[in-house]
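Labels below follow one simple rule: chain letters A, B, ... track the order of the sequence lines, proteins then strands, and each chain is numbered from 1.
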Number of protein chains: 2
Amino acid sequence: MAYDNAFAAMADPTRRTVLERLKAGPRTVGDIAAGLPVSRPAVSQHLKALKAADLVRDEPRGAARLYRLHAPGLQALRAYLDDFWDEALARFKDHAESEDERD
Amino acid sequence: MAYDNAFAAMADPTRRTVLERLKAGPRTVGDIAAGLPVSRPAVSQHLKALKAADLVRDEPRGAARLYRLHAPGLQALRAYLDDFWDEALARFKDHAESEDERD
DNA sequence: GCTAACCGTAAGTGATGGCTTACGATAACG
DNA sequence: CGTTATCGTAAGCCATCACTTACGGTTAGC
């Protein structure tokens with residue numbers, strides 16, 4: 001899969017909109033696509049990318065398919081940013097700040 | 001500018017490596033490019049993208065130019081994810097979890 | 001079983017991204 | 001000043017992305 005990281009998956013505005021919709025609860029592909037300006041197959045492809053990035057989870061629902069947010073993927077993203085931030089502060093507190101002027 | 005959001009800026013592995021290097025403190029373009037498998041102009045373009053995304057800050061340093069992490073941009077990213085996560089939990093706690101089975 | 005609903009995938013297309021080399025601008029240095 | 005170091009930008013190229021339409025597969029309903 002070309003989407004080797006969660007940031008790439010989050011980079012697309014349509015995919016972020018899909019995630020926003022899933023915040024309210026599980027949705028079928030048709031439901032998700034209904035509110036979007038792109039075709040249903042396009043949404044399927046986006047969901048595939050989000051799934052590869054571990055950001056959503058899917059499950060059969062009769063003839064349909066139910067998608068929902070996947071906590072571990074989201075937590076991993078938050079953890080990466082949190083760690084990054086903590087390390088930046090710890091190693092070089094003044095340089096990471098925006099008000100600093102010396103090196 | 002094509003980089004309308006910070007996620008797009010973070011999506012590229014080379015750019016993430018650049019940020020990792022800047023975690024240790026300010027660096028010139030040449031210093032950053034020295035440890036990377038791409039050319040110096042490529043690094044300049046990446047820095048331009050990171051700057052547009054508000055993730056780095058630059059400052060003249062004689063003939064060189066000093067780049068450093070920019071706190072507000074990083075915080076904004078963290079805030080987006082934190083808010084997203086909080087809302088997902090608040091609105092539909094069980095659906096966001098990975099162990100849930102009902103809707 | 002036939003039909004309809006729902007969905008994933010394949011194929012093709014236009015746009016964008018990341019890279020390179022070449023060039024020009026600016027600042028220190030003698 | 002002329003030279004060197006450092007950097008940003010322009011132009012071009014190739015890969016990838018996001019999208020469309022077309023198609024096939026699976027499930028429910030009659």
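- The backbone N or O of B:A11 sits less than 3.5 Å from a side-chain atom of A:N5, completing a donor-acceptor pair.
- Atom CG in B:L66 sits roughly 13 Å away from atom P in D:dT6 (whole-Å rounding).
- Side-chain N or O atoms of A:R15 include none that pairs as donor or acceptor with a backbone N or O of A:A49 at under 3.5 Å.
- Protein atom CD of B:Q45 is 12 Å distant from nucleotide atom P of C:dT21, rounded to whole Å.
- Atom P of nucleotide C:dT9 and atom CZ of A:R65 are separated by 9 Å, given to the nearest angstrom.
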**Message:** So if I define the base as every atom that isn't primed, P, OP1 or OP2, how would nucleotides 22-30 of chain C read as a B/S/- string at a heavy-atom cutoff under 4.0 Å?
**Reply:** B----SS--
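- A straight line from CG of B:L47 to C1' of D:dG8 spans 11 Å, rounded to a whole angstrom.
- Neither OP1 nor OP2 of C:dG17 sits under 4.0 Å from any side-chain N or O of B:R15.
- Residue B:S39 places no side-chain N or O under 4.0 Å from the OP1 or OP2 atom of C:dC19.
- Between B:E59 atom CD and D:dC7 atom C1' the separation is 15 Å, expressed in whole Å.
- Remark: B:Y67 is in phosphate contact with D:dG8, judged by side-chain N or O atoms under 4.0 Å from OP1 or OP2.
- Taking only side-chain nitrogens and oxygens, A:T28 comes nearer than 4.0 Å to OP1 or OP2 of C:dC7.
- The minimum heavy-atom distance linking B:S44 with B:V29 is given by the pair OG-CG1, 3.9 Å.
- If one axis is set at each end of the helix from C:dG1-D:dC30 to C:dG30-D:dC1 from five pairs, those axes are 20° apart, to 10°.
- B:D83 contributes atom CG, which lies 8.0 Å from atom NZ of A:K23 (distance to the nearest 0.5 angstrom).
- Atom-to-atom, CZ of B:R16 to C1' of C:dG17 comes out at 15 Å; the value is rounded to the nearest Å.
- One can place NZ of A:K51 at 14 Å from C1' of C:dT9, the figure rounded to the nearest angstrom.
- With rounding to whole Å, B:H46 atom NE2 is found 8 Å from C:dC19 atom C1'.
- A close approach under 4.0 Å does occur between a side-chain nitrogen or oxygen of B:T14 and OP1 or OP2 of C:dC19.
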